[in-house]
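One structure is given here, and the rest of the page talks about it.
Values in this document were obtained by computation on a predicted structure and should not be read as measured data. Side-chain atoms are counted along with the backbone in the values below, which use heavy atoms only and exclude waters and symmetry mates.
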Amino acid sequence: MKNMFTSIKTSKQNKELVSQLTRRLNLGAENVIARMAFTYSLSKDKKLDLVKIADSQGKEYSAKVLFGDHLDFYVALICVQYNLYKSDKDIGKYVKMHIDEGLTMIHNEIEQNSNITGTEFLISKIERGLKAF
């Protein structure tokens, strides 16, 4: 698939946040936490406004590092959420915004429950998702 999204940079504020969450949750490399943040934000079914995009002075991820061999699936999630075609020039911006949003959301939840482990955090989200069925 050909699209304009080759890499993204988190906001300056989230550069340290992704490192903190990676250490705190101990679920793998920073790209794992960024991927979780992206999907967590998308799971809330909230459409983000490109006018409110944050700076891009944070952690940089190539599309390959961020999504591995599954880039097409992650791009498809954005396309469905925003009714875009897979080559739309704004896909990378939406990916960036959902990563930034998700990092903030995860950070806020962890702050409210400082004793939770990364595994417990994931299990709670999976259980909540299963109950929604």
Shortest non-hydrogen pair, F38 vs I99, comes out as CB-CG1, 3.7 Å

Would you check if the side chain of S114 reaches a backbone N or O of I110 as a donor-acceptor pair within less than 3.5 Å?
no

One pair to check against side chain to side chain contact (heavy atoms under 4.5 Å, CB included): R35 and Y74. What are the steps and the verdict?
CA-CA 9 Å; R35 192 178 304 159; Y74 289 96; 2.9 Å; yes

Nearest 0.5 Å, what's the CG-CD1 distance between D90 and I78?
11.0 Å

Give a yes or no on whether K44 atom NZ has more than 12 heavy-atom contacts from other residues, nucleotides or ligands under 6.0 Å away.
yes

Is there side-chain contact between L25 and T117, with at least one heavy-atom pair below 4.5 Å?
no

Ignoring hydrogens and angles, tell me if any N or O in the side chain of K47 forms a donor-acceptor pair with the backbone of Q81 under 3.5 Å.
yes

So, does D55 use its side chain to make a donor-acceptor pair with the main chain of S11 at under 3.5 Å?
no

Mind listing the closest non-hydrogen atom pair of S41 and L48 along with its distance?
OG-CD1, 4.4 Å

Nearest heavy-atom neighbours spanning A34 and V18:
N-CG2, 4.5 Å

With the threshold set at 4.0 Å, does a side-chain nitrogen-carboxylate oxygen contact exist between D69 and K64?
yes

Within 6.0 Å of NZ in K15, more than 12 heavy atoms from elsewhere:
no

Nearest atoms (heavy-atom pairs only) where S56 meets K96:
OG-CE, 3.5 Å

Pair E111 + R24, salt bridge at N-O below 4.0 Å
no

Are the side chains of Q13 and Q57 in contact, using a 4.5 Å heavy-atom criterion?
no

Mind checking the CG-CG spacing from L103 to L21? Nearest 0.5 Å is all I need.
6.5 Å

Can you hop from L71 to V80 via hydrophobic side chains spaced under 4.5 Å?
no

Donor-acceptor contact present, side-chain E109 to main-chain I106, <3.5 Å:
no

Whether over 12 other heavy atoms sit under 6.0 Å from N108 CG:
yes

Determine, using the 4.5 Å side-chain heavy-atom cutoff (strictly less than), whether I123 and V32 are members of one ILVMFWY cluster.
no

Might you work through the side chain to side chain contact (heavy atoms under 4.5 Å, CB included) test for L84 and I91, ending with a clear yes or no?
CA-CA 8 Å; L84 301 173; I91 287 174; 4.2 Å; yes

Checking side-chain polar atoms at under 3.5 Å, does E30 have a donor or acceptor matched by the opposite partner on S19?
yes

Can you confirm whether or not the ring centre of F73 sits under 6.0 Å from the ring centre of F67?
no

Is the Y82 ring parallel, tilted or perpendicular to the Y94 ring (thresholds 30°, 60°)?
parallel

Output all residues satisfying side-chain hydrogen bond (donor to acceptor under 3.5 Å, both in side chains) with T22, sequence neighbours left out; order by chain, then residue number.
none

Under the criterion side chain to side chain contact (heavy atoms under 4.5 Å, CB included), I'd like the reasoning laid out for L77 against H98: C-alpha separation, chi angles, the key distance, then a yes or no.
CA-CA 11 Å; L77 292 171; H98 278 284; over 6 Å; no

Rounding to 0.5 Å, atoms SG (C79) and OH (Y85) come to a distance of 9.0 Å

Please report the interatomic distance CD(E101) to NZ(K52), rounded to the nearest 0.5 Å.
10.0 Å

Write down the atom of I53, the atom of M97, and the distance for their closest heavy-atom approach.
CG1-CG, 3.6 Å

I'd like to know if E60 pairs up with K12 as an ion pair, taking the criterion as any Lys NZ or Arg NE/NH1/NH2 lying under 4.0 Å from an Asp or Glu carboxylate oxygen.
no

Would you find a donor on one side and an acceptor on the other, under 3.5 Å apart, between the side chain of K59 and the backbone of L17?
no

Restricting to non-hydrogen atoms, name the atom on T119 and the atom on L27 that form the minimum distance, rounded to 0.1 Å.
N-CD2, 4.0 Å

